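One structure below.
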Amino acid sequence: MLYADIILPIARDGFTFEVGEALHADITEGRGVSVQLGAEKRYMGIVWRLHNERPPYKKIKTIDEYVANAPALTAEQRRFWEWCAAYYMCTLGEVMRAALPEAMKPEGFSREEFLRDVYKPRTATYATLQSYDETTLNGWFDGLERRAKKQYEALAEIVAAGGDVPAVALKASPTVLKELSKKKMIALSKRESTADEPPPLPATLPALTQAQQAALAAIVSAPQQVVLLHGVTGSGKTEVYINLIAEQLQKGKNVLYLLPEIAMTTQLVDRIRHWFGERVITYHSRFSTRHRAEAYRRVNRSTGGEVILGTRSSLFLPVSNLGLVIVDEEHDASYKQVDPAPRYHARDAAVMLARLAGAKTVLGSATPSVESWANAAEGKYGLATLAERYGGVPMPEIIVSDTLRAVKRGERTVHFNKDLLDRLAAVLARGRQAMLFQNRRGFAPYVECTTCGAAAMCPHCNVTLVLHKADARLRCHYCGHSAPVVHVCKGCGAESMEARGFGTEKVEEELARLFPEAHLARLDRDTATSEARYRAIISAFERGETDVLIGTQMISKGFDFKGVALVGMLNADNLLSYPDFRASERAFQTITQMAGRAGRRGERGEVVIQTAQPQLPIIREAAAGDYAAMAVTQLAERAEFFYPPYCRLIEITLRHRNSELLWEAANRFAAAARTTFGRSLLGPQPPLVDRIKNVCILSFLLKVERTQSFSRAKDALSAAVATLRSEQRFRYVDFIFNVDPQ
Ligand code: ADP
Ligand code: ZN
């Protein structure tokens, strides 16, 4: 008899089925099969292990069908899933949920749904000339020659190539081609690739500067498997990636290119597409199920020569023949999945995946995480550096503007210091653009009673409600609860509720009053309600239709706008107010990334940082653009207070509706776990927001020394939790492990 251990997309592991006769011949480990659990419905499972050991239960179900186009995980992929489950303390089923979201329909699938073959063949975009008539053509050329040089050149290129060419083979950018097609001079159409032959590689690559060539050589020749590319903003890290990618594609290898959620902008995707066209497969957890499924199948079928460009979950795509993994903006916190399990860090997991595949990993950033920097300093990672911006563009001038001093001198108008206002006025007068950053959305982060001091709180969460003026509501940013604006205090009855602090909405309102002529736009979760809205805001700014773009973190990353001469940070102190050992590092990163949007072409950009704490080392280091100084300071602090990279962390979160029971469970758990961990277990402690959706929260932090076995520590933790939960009373207390919390 042949048996198969099957992984299902649920939290529990350990299902064994008998393998039906029909499948004996070609069943393999890693293959997707259809498993019947209920009467009618089927679920997708993955064959994890084939063996001949009969499981101890009486009735054993049989599997007898594959899922059409189901994944076939390679041995590497399976080792990777196993590593994820063990390292991040979750089940393989939970890894499968992250890896194959479409396998997860809770109500299951019908047999028909599983057998349907929905593979879509690869297509390529062709540009086709709409007229070969000489007079018409001459007319077009005359029309374009003066007003649209790029379009003129593109049209000439298409004519020279015979009038019907794959768009990737052209030097012209997709935008230019679109313009020509709007003018009906060419038509753009998608055609199925006839053979399995991959589309052509670009004829030329971006010519690298000397500094870029040196960085490329350092990456290629580094003996280490992981190389950190530390390049200042605007230094052309992307151009280096493009060259690295081309080299792998030439060799017939696949490349995985990871981007943080927020940087997965059309701008970057277009730039990569420009060079590699239909060889680019994009993947994002926000894409529709259909798009994701299609991307999955394309990757599944690919034997090499493609670039997979995606967010963290693309790590789980079944990429074979992997030659290189790029983790762009490697410091970005959104690489860490917080909820649900697996709570993986995509950068660290990428390093593991590449190692399993024998591929190189390139971690790139202008502001690397100090962990990666320390690894490079120790020689564990190779290091390549780009110290200057492309084209000799100077780094922006950074002005630290003391908010308290401005107030004292009467140089503050609403939330703007004179330093910022004057420069903003000058930039607008010159017809250039500005970006303003404030990491709070809404109008005001809280409303407070000026009589008794009570703030309006969410009834379900222990957090203040945020005022949104556009629709006159108070909103909870944790649970979504919303209520009409109140003027009367619930506590003392006085009619003295006032808005406090300021968010992006207020910045926009104040600015509209100060600069009535300027065109303003705001980019945050309230305005970017859909992919289309998001794109519209970005491209209006790109085209120069908007003068000032106000936004949250959303505007800080990855953008390459040429018109931006000024960047303003309205309140850098916000960035430092978190009780987190990484707060300073993150503040440095945000300031540097935001500053990096200024003056990327031609004239030198300006950055104004408004802060009440100009004397803080982190502000000085950021203003000086001195990454190394920041890293040295931070590492010294981490060493002193024993934080990563000098130890490893596991955060343990307990949740229950009943606060008393929760504390009791926490104390019992602490007592049990301390027999093993002693004082390296910190807590229990209520987190910043200790009640969300009426569920109370407590947390612990475990510090594990580098010399200790991490896996043994995890086993001891799991054992302590299992013992506690075996008691009926504590059965429904949620325990969440977060390994390497960010
Ligand atoms: P980074 O990602 O390091 O911030 P980018 O790759 O976005 O920098 O490069 C900044 C700008 O300089 C981009 O507009 C890019 O097209 C341009 N650039 C950089 N290197 C080159 C090069 N070798 N040839 C042409 N343009 C370049
Ligand atoms: Zn709430």
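Everything numeric here is computed off the predicted structure, so don't read it as measured data. One-based numbering, in listed order, for ligands and for the atoms of each. Along the sequence shown, residues are numbered consecutively beginning with 1.
Among the atoms of C461, an N, O or S atom falls under 2.8 Å of the Zn ion (ligand 2). Within the coordination shell of the Zn ion (ligand 2), defined by N, O or S atoms under 2.8 Å, C479 is present. Within the 2.8 Å limit, C476 places at least one N, O or S atom next to the Zn ion (ligand 2).
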May I have every N or O pair linking ligand 1 to the protein at under 3.5 Å, one per line with atom names and distance?
from: ligand 1; atom 1: 2 (O); to: T238; atom 2: OG1; distance (Å): 3.2
from: ligand 1; atom 1: 3 (O); to: S235; atom 2: N; distance (Å): 3.3
from: ligand 1; atom 1: 3 (O); to: S235; atom 2: OG; distance (Å): 3.4
from: ligand 1; atom 1: 3 (O); to: G236; atom 2: N; distance (Å): 3.1
from: ligand 1; atom 1: 3 (O); to: K237; atom 2: N; distance (Å): 3.0
from: ligand 1; atom 1: 3 (O); to: K237; atom 2: NZ; distance (Å): 2.9
from: ligand 1; atom 1: 4 (O); to: G234; atom 2: N; distance (Å): 2.7
from: ligand 1; atom 1: 4 (O); to: R600; atom 2: NH2; distance (Å): 3.3
from: ligand 1; atom 1: 6 (O); to: T238; atom 2: N; distance (Å): 3.3
from: ligand 1; atom 1: 6 (O); to: T238; atom 2: OG1; distance (Å): 2.9
from: ligand 1; atom 1: 6 (O); to: R271; atom 2: NH2; distance (Å): 2.8
from: ligand 1; atom 1: 7 (O); to: R271; atom 2: NH1; distance (Å): 2.9
from: ligand 1; atom 1: 7 (O); to: R271; atom 2: NH2; distance (Å): 3.4
from: ligand 1; atom 1: 7 (O); to: R600; atom 2: NH2; distance (Å): 3.1
from: ligand 1; atom 1: 8 (O); to: G236; atom 2: N; distance (Å): 3.0
from: ligand 1; atom 1: 14 (O); to: D560; atom 2: OD2; distance (Å): 2.6
from: ligand 1; atom 1: 14 (O); to: R601; atom 2: NH2; distance (Å): 2.9
from: ligand 1; atom 1: 16 (O); to: E239; atom 2: OE2; distance (Å): 3.2
from: ligand 1; atom 1: 20 (N); to: Q212; atom 2: NE2; distance (Å): 2.8
from: ligand 1; atom 1: 23 (N); to: A207; atom 2: O; distance (Å): 2.7
from: ligand 1; atom 1: 23 (N); to: Q212; atom 2: OE1; distance (Å): 2.8
from: ligand 1; atom 1: 24 (N); to: Y390; atom 2: OH; distance (Å): 3.4

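Taking the six-membered ring for Trp and the full ring otherwise, H331 and H230 have centroids separated by 6.0 Å or more.
Between E153 and E157, the closest side-chain pair of non-hydrogen atoms is not below 4.5 Å. At a threshold of 4.5 Å between non-hydrogen side-chain atoms, the residues L465 and V447 do not count as touching.
A salt bridge does not link D524 to R440: none of the charged nitrogens lies less than 4.0 Å from a carboxylate oxygen.
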Report the C-alpha separation of Q250 and L201 in whole Å, then their side-chain angles, then the decisive distance to 0.1 Å, and conclude whether the side-chain contact (heavy atoms from CB on, under 4.5 Å) test is met.
-> CA-CA 8 Å; Q250 214 103 51; L201 278 168; 3.5 Å; yes
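Looking at residues two or more places apart in sequence or on another chain, you find no ring pair (Phe, Tyr, Trp, His ring centres under 6.0 Å) involving Y390.
Between Y257 and Y241, the ring planes are perpendicular. Angles over 60° get that label, and only those under 30° would be called parallel.
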